[in-house]
Structure formats: structure tokens, C-alpha cells
Amino acid sequence: MVSPLLESLNPEQLAAVTLPHASALILAGAGSGKTRVLTTRIAWLLATGQASPLSVLAVTFTNKASREMSTRLSVLTPVNIRGMWIGTFHGLCNRMLRAHYREAGLPKLFQIMDTQDQLALIKRVYKAHNIDDERFPPRQLQALINGSKEAGLRPNQVEAFDEFSRRQVEHYALYEQACQREGVVDFPELLLRTYELLSRDDSLRQHYQRRFSHILIDEFQDTNVLQYKWLKLLAGPHAAIFAVGDDDQSIYAFRGANVANMQHFERDFSTADVPVKLIKLEQNYRSHGHILDAANALIKHNQGRLGKNLWTSDAHGEPVRAYAAPSDLDEAAFIVDVVKGLVEDNVSPAEIAVLYRSNAQSRVVEHALFNAAMPYRVYGGMRFFERAEIKHALAYLRLVAAPDDDGAFLRVVNFPPRGIGARSLETLQGLAQAQGSSLWQVASARPVSGKAGVSLAAFQKLVEAMKTATQDLGLAETVEHVVHASGLLGHYQSEKDGQERIDNLQELINAAQSFMREAEREVGAADEVVDDPLTSFLSHAALEAGETQAAEGRPALQLMTVHAAKGLEFHTVFVTGLEEGLFPHENSMSELDGLEEERRLAYVAITRARRRLYLTHAQSRMLHGQLRYNVASRFLDEVPAGMVQWLSPKHGDFAAEPEGLGRYNAAENAREDSGWRIGQSVKHSRFGLGIIIDAEGRGTDARVQVNFRDGGVKWLALEYAKLQPA
DNA sequence: AAATGTGGAATTTTT
DNA sequence: TTCCACATTT
């Protein structure tokens with residue numbers, strides 16, 4: 001019964017799956033069967049009787065990953081995986097806090113704030129304490145709060161360097177008071193609360209430590225300091241931690257991910273007699289050889305890797321292609337051309353991805369695709385549960401569940417408009433602040449005079465009526481009732497372009513329905529859901545923001561950032577905008593380890609491709625309303641020339657080939673009489689490689705402006721500067 | 001309370 | 001350029 005499970009695993013995968021009970025670090029390269037190893041490991045533990053479902057805890061970062069793990073696991077094992085804890089860090093922490101809310105010092109119905117709610121709360125705190133939001137930008141405080149919490153620091157533990165940061169820490173403390181008063185928690189708070197709860201409460205900690213003898217973590221390189229501490233705390237003296245990750249795919253340092261956790265792991269989880277076992281999965285089952293060669297060559301330029309080299313038993317496949325476009329428009333046109341050819345060769349557009357470093361780059365490509373009538377889908381942007389109409393509906397639901405939620409109160413007290421203006425709300429907020437109570441309480445206790453007071457009373461009556469009416473209803477019916485009774489539906493019906501919002505509200509009712517169906521069917525939090533469906537649904541809405549777009553009917557070309565592509569794979573991949581300043585991004589240069597993270601990002605991009613890979617760059621690009629001339633990315637040079645087939649003159653040296661693919665405008669062409677032209681790559685004996693971005697003067701006065709890769713932008717007199725075509 | 005104007009910023013992002 | 005938040009007007 002074990003052997004079919006282990007069939008067709010390669011020796012390293014087999015070793016990882018069947019490791020004896022001890023902590024292990026699995027260095028799993030891109031496309032090396034990481035998820036398979038993780039799920040098979042669990043199935044093997046169950047099959048051999050080494051673990052019961054109750055003793056397994058599996059942690060992921062995204063809901064998608066945790067769903068995939070559950071799905072794949074249920075195929076691999078006959079055992080009912082209900083009872084196993086599989087989820088995201090935040091989901092699991094939420095579960096623990098719901099179960100032990102009293103010990104954690106939280107109200108029973110505490111609500112989870114998403115990032116938007118958090119920012120709104122910060123702004124409210126500012127207003128209540130007359131804090132200047134010019135001097136202290138709310139977003140900056142938000143970053144400080146989240147950064148501190150993710151490092152495990154409360155306000156009294158944050159070090160202040162100067163007057164400014166001292167004030168900021170004060171604001172952090174005020175924010176915490178507000179959270180506590182309103183019974184709301186932000187994302188990092190879920191982690192930190194749980195961590196503090198477990199460190200404080202010995203019997204609780206021991207309970208979980210005894211229970212979870214097997215802890216498995218996916219994407220370990222993405223853990224932050226707090227998550228690592230959390231794992232360390234939860235792993236009792238006898239737990240085996242199975243950490244799977246890839247240091248070369250660490251691309252989230254900017255949001256606190258700490259690759260060093262991988263190094264610390266060996267030190268922290270080795271016991272006196274059993275060292276942490278390290279296994280490398282280097283055989284890649286995704287890409288053809290040439291693609292892997294390029295990826296390996298690129299990532300070799302990084303220092304301080306744990307060290308890994310992907311290989312495949314597959315064919316070399318097609319060469320990696322590169323293309324230098326004169327402009328971003330031409331780059332897009334090139335993509336459209338190639339995609340047309342691929343589709344004719346029966347490659348599904350859904351199997352083709354256009355990757356870029358930043359979202360702003362999608363526009364030009366979208367435009368070209370639109371004009372070519374090619375279906376495409378852009379990932380990223382507004383998520384379902386983040387949409388205004390959805391948040392409004394959820395706010396009504398939150399008030400029904402817990403009326404002291406000021407954030408929810410303010411969001412809908414005058415939406416749809418019912419004549420409660422800013423001035424009456426300010427009075428109300430002043431009173432609440434003075435009495436340290438919620439807006440709801442203040443409004444109930446002291447009727448506000450005038451028309452607004454009447455509306456306010458009507459609003460409270462409305463919410464109370466909702467509560468009564470939905471008392472005995474199921475979740476979906478509750479949502480449906482609230483959507484109607486709140487007047488949201490009516491409001492959008494009378495709006496000219498409200499149809500999409502109405503559809504979304506309908507979709508929210510559907511979401512509630514499938515949420516209940518899911519909970520009844522199986523997995524995880526079922527008990528809590530039965531206990532209090534509404535609170536569970538609200539937590540679900542906060543923790544799982546949903547898809548950005550409904551899936552489209554016909555297959556569409558995939559457009560997304562490189563970050564969003566992590567974990568995915570495609571037949572063909574275009575890595576676009578490979579230009580200095582864009583990819584690697586200029587902002588990364590000033591960050592510690594910034595360039596190396598950009599390189600890892602490029603590595604992730606390349607390793608998404610199974611069969612065909614295009615690397616493109618544009619010599620000029622419209623950015624922030626300004627035409628910019630960029631030098632080709634150093635990453636292009638870091639892939640050895642022999643591995644790349646250039647479909648254009650390398651780095652777009654169009655001067656050497658006047659009949660080339662360039663399409664310069666007349667104004668630019670008119671300027672050239674010197675043998676040099678704008679957009680041309682040049683080499684300077686001292687400044688190195690660059691690109692001509694402007695020119696002026698004639699004859700002996702002629703000067704050109706060059707953007708050097710390493711030396712910035714300089715004006716050079718052609719008569720004296722020793723410029724060479726590069 | 002909607003409509004219009006203005007200024008400023010514009011990697012990457014999950015929970 | 002384009003998007004957003006915020007302020008001012010109508």
C-alpha cells in the first residue's frame with residue numbers, strides 16, 4: 001500500500017518523502033516536484049502509521065497553495081484528511097485565536113481588517129488625536145506598524161532614533177488602543193497575537209506541541225521573522241519540521257521575507273544527536289535544457305546562494321530567443337506577431353504568458369492585443385472582496401454581527417446617502433472619543449438633534465431590524481436580506497453604470513452559498529463555521545480576497561507581473577522590458593541585496609517556461625509620460641551569448657543596419673548627420689556601455705547625451721570623446 | 001451630495 | 001501619461 005505512493009519518485013524525492021522523524025530542509029528548485037514531495041510525504045506518514053491526521057500541521061502562504069495541497073493530498077491518501085490542519089499562516093492563527101479568544105484577550109467576535117480597513121483606521125486615529133497627516137503620512141505609519149509586528153515588536157519594543165520616529169511609535173501605540181477598543185485585528189496581528197498567546201500560556205503551548213508532531217511548510221524562503229519564531233514555538237521538542245523552499249526564488253524580501261531563515265534552520269532545528277537533514281531536488285521536470293541552462297547561467301551571478309543547479313533529462317529543445325525592439329510599441333507588436341504564429345501552430349493562448357516587471361508595462365501590450373483582436377487576461381488589480389460595493393455589504397454584515405465596529409459603522413452610516421453629513425459624524429466621533437466608547441453606543445445613548453439625528457436613529461433601527469430578520473436565516477439568506485434591506489441594491493439600480501456592482505452583490509450571495517457548501521463538505525474549519533457562519537464568512541472574506549477577475553470563457557493570453565507568475569508554468573513565456581532601470585528596477589539599486597533579488601526575479605521569470613522562451617527589451621519606452629531611452633538589461637549579458645539566439649541585431653544596434661526593424665520618427669532622423677543616432681548603443685573607453693539618448697549641434701560642435709549603464713547620463717563632445725558603436 | 005478641478009506620485013504583494 | 005486622493009465648487 002506504500003509502494004504505489006513512492007513509485008516514479010526520483011532518488012532525492014524518495015529520500016525526502018521517506019526521511020525518518022527529524023527536521024529537514026528540502027531545497028526544491030523550480031519545477032522539481034516540490035508540491036508532490038510535500039503531499040506525498042504526508043500521505044506516506046499516514047500510510048506507514050507514523051502520523052495520524054490529527055498530528056499534522058501543513059502551512060502555506062496563499063489560500064491557493066493550501067487548497068491545492070488539500071486537493072492533491074486527498075487523491076494520494078485513503079485517509080480522511082479532515083482533522084488535519086492545512087492552511088495559511090493567517091488562516092491557522094485565526095483558527096487558534098477563535099478557539100482561545102479569551103486567553104488571547106480578544107472579543108469573541110473580533111473582526112479581521114484587510115489593508116484598506118487598516119489604513120482607514122489609521123486615518124481615524126489621526127483625526128481623533130489631531131495628528132498632522134502631512135508630517136506623518138498614514139501609509140508610512142502603516143508600513144511601520146506592519147513591519148514592527150512582522151518582526152514581533154510591540155510599540156514598547158520599537159526603538160526610536162529621533163523625535164520623528166518617537167512620535168511614530170506613539171502613533172503605533174494609539175493605533176493599538178483603537179484596535180483593542182474596536183475589537184479588530186490586522187493581518188500581522190493574527191500572527192503576533194497567536195505567537196504571544198502560545199509563549200505566555202504554557203499549557204496551551206504544550207497542548208499544541210504535543211498534538212502537532214509533524215509540521216510541514218511550503219515556500220519556506222518566504223517566511224518572515226515572526227513566522228519563523230511562530231514555527232519554532234509551535235514545534236515542540238519532538239516535532240519534525242519539513243521545510244520546503246528555494247533560496248533562488250526568494251523574491252519577497254521587500255515585504256519582510258527573510259531568506260536567512262533557511263540558514264538559521266539548520267542551526268535551530270538540529271538536536272544534539274540528529275542534525276537537520278538537507279536534501280536538494282535539482283531535477284527539473286518542467287523546462288527544456290536550453291531554458292534551464294540560461295536560468296542556471298543567470299543565477300550563478302548571485303553571491304551567497306545555498307547552491308543548486310537544475311538539470312533535466314529532457315531534450316535541449318529550442319534555443320532561447322532574444323529580441324531588441326526600437327520602442328515599447330515595437331516590443332508589443334513583436335509579441336503579437338509571435339503569438340499569432342504560435343496560435344496557428346495550435347499552442348493555446350492560455351499556455352502563453354507575457355511577463356513584466358511592473359504593472360504599468362501591461363498597457364502597451366494590452367493595446368496591441370486589443371487591436372489584433374486577441375483574447376487576453378490581465379492578472380492583478382482589484383480583488384473581489386476589495387470592491388467598494390462588496391465592502392459596503394460586508395460592513396452591514398459586520399454591524400449585524402458586532403455593532404461596535406466603528407470602521408463598518410462609518411463606511412455605511414451614510415451609504416446609500418441618508419442625510420448624515422460630515423458635521424454630525426464629527427460630533428459623534430468627538431463624543432465617542434471623549435467617552436472611550438463606540439460610535440454605535442454613543443449614537444444609541446444620546447440622540448443627536450435635528451434632521452441628521454432622525455436619520456441616525458433610522459439607520460440604527462435599520463441595522464437592528466436586519467439583525468432580527470436574519471436571526472434564523474442561513475448565511476446566504478442573511479447576505480441576501482442585508483443586500484436588499486440595506487438599500488445597496490436599490491442604490492446601484494438607480495445608478496447608470498451600477499449593473500456591474502449589482503452583479504457583484506449577487507456574486508457575494510453566491511459566494512456565501514458556496515462557502516457554506518464547502519464547509520459542510522469537508523476540510524478544516526468546519527466546526528467553527530457551523531458555530532457562527534456569519535463571523536466565519538467575514539473572516540473568510542478578509543483572509544481570502546478572491547480572484548481579480550472572473551475566469552473567462554475562451555482561452556486567453558496571460559499577462560502578469562513576474563511576481564504573480566511565481567509557481568505557474570507556461571508553454572511559452574515572454575520576459576519583457578529587460579532594461580536597466582526597469583528590470584533590474586532602478587529602485588532596487590539602493591536596497592540591500594536589491595540587485596540580487598532582481599536577478600532572482602529574472603530567474604523565476606525564465607523558469608516559468610516549459611518549451612519556448614523570449615527575452616525582449618525596448619530601446620525607448622514611454623514612462624510617466626516621458627520617453628526614456630534604456631540600456632539593455634545586464635541580465636541579458638549574463639546569459640552567455642552562445643545560449644541566446646538574437647532575432648534582431650543584438651541590443652538593437654540599428655545604426656549598423658539601416659534597413660533593420662527600426663521605425664524612428666522624422667524628428668529624430670533629422671538630427672543625425674554625425675553618423676550617430678538616438679537610441680544607438682555605444683561604448684566609451686572610460687564610462688563603458690551606454691545608449692545615446694539625445695544629440696545637439698553639428699560638425700565640430702556636435703554633442704551627444706549618453707545614458708551609461710554604470711556611469712549615469714553624460715553629454716559628450718563627439719570630436720573628443722572616443723565613442724565606438726557597441 | 002455630485003461634479004469638477006488640482007496636485008502628486010507612479011516597483012513588486014499575500015494575508 | 002494616468003491614476004488617485006483630496007479640495008473646491010455647483
Checklist entry - Looking only at atom C1', what distance separates dT11(B) and dC6(C), rounded to whole Å? => result 24 Å
Item to check | Distance, C1' atom - from dT14(B) to dC3(C), rounded to whole angstrom | outcome: 23 Å
Item to check | Between T616(A) and E331(A), a side-chain donor and acceptor under 3.5 Å | outcome: yes
Next on the checklist: I need the minimum non-hydrogen distance between I420(A) and V413(A), along with the two atoms involved.
Outcome noted: CD1-O, 3.5 Å
Checklist outcome for this item: Whole-Å distance, L119(A) CG to dC4(C) P, equals 15 Å
Checklist entry - Got P107(A) and Y101(A) here, is their nearest side-chain heavy-atom distance under 4.5 Å? => result no
Item to check | H491(A) and F415(A) aromatic ring geometry - parallel, tilted or perpendicular at 30°/60° bounds | outcome: perpendicular
Checklist entry - According to a 3.5 Å limit on both distances, what stems of 3 or more consecutive Watson-Crick or G-U pairs are formed with DNA chain B? => result B:1-10 with C:1-10
Checklist entry - Expressed in angstrom and rounded to an integer, what is the separation of L623(A) atom CG from dT1(C) atom P? => result 13 Å
Checklist entry - What is the per-nucleotide protein-contact pattern of nucleotides 8-15 of chain B, from the 5' end, where B denotes a base atom under 4.0 Å from a protein heavy atom, S denotes such proximity for sugar-phosphate atoms only, and - denotes neither? => result --BBBBBB
Next on the checklist: Between R98(A) and F110(A), is there a side-chain heavy-atom distance shorter than 4.5 Å?
Outcome noted: yes
Checklist entry - Do the non-hydrogen side-chain atoms of F187(A) and N146(A) ever get within less than 4.5 Å of each other? => result no
Next on the checklist: With the 90 degree cut-off around zero defining syn, does dT12(B) come out syn or anti?
Outcome noted: anti
Next on the checklist: So does L543(A) get a backbone contact from the side chain of N63(A), meaning a donor-acceptor N/O pair under 3.5 Å?
Outcome noted: yes
Item to check | Residues forming a ring pair (Phe, Tyr, Trp, His ring centres under 6.0 Å) with F89(A), sequence neighbours excluded | outcome: F61(A), W230(A)
Item to check | Parallel, tilted or perpendicular: ring planes of F212(A) versus Y208(A), cut at 30 and 60 degrees | outcome: parallel
Checklist entry - Which part of the nucleic acid, if any, lies within contact of D133(A), taking any heavy atom under 4.0 Å across all strands shown: a base, the sugar-phosphate backbone alone, or nothing? => result nothing
Next on the checklist: Any base atoms under 4.0 Å from K566(A), or only sugar-phosphate, or nothing? Heavy atoms, all strands.
Outcome noted: nothing
Item to check | P-based separation of dT12(B) from dA5(C) [nearest Å] | outcome: 16 Å
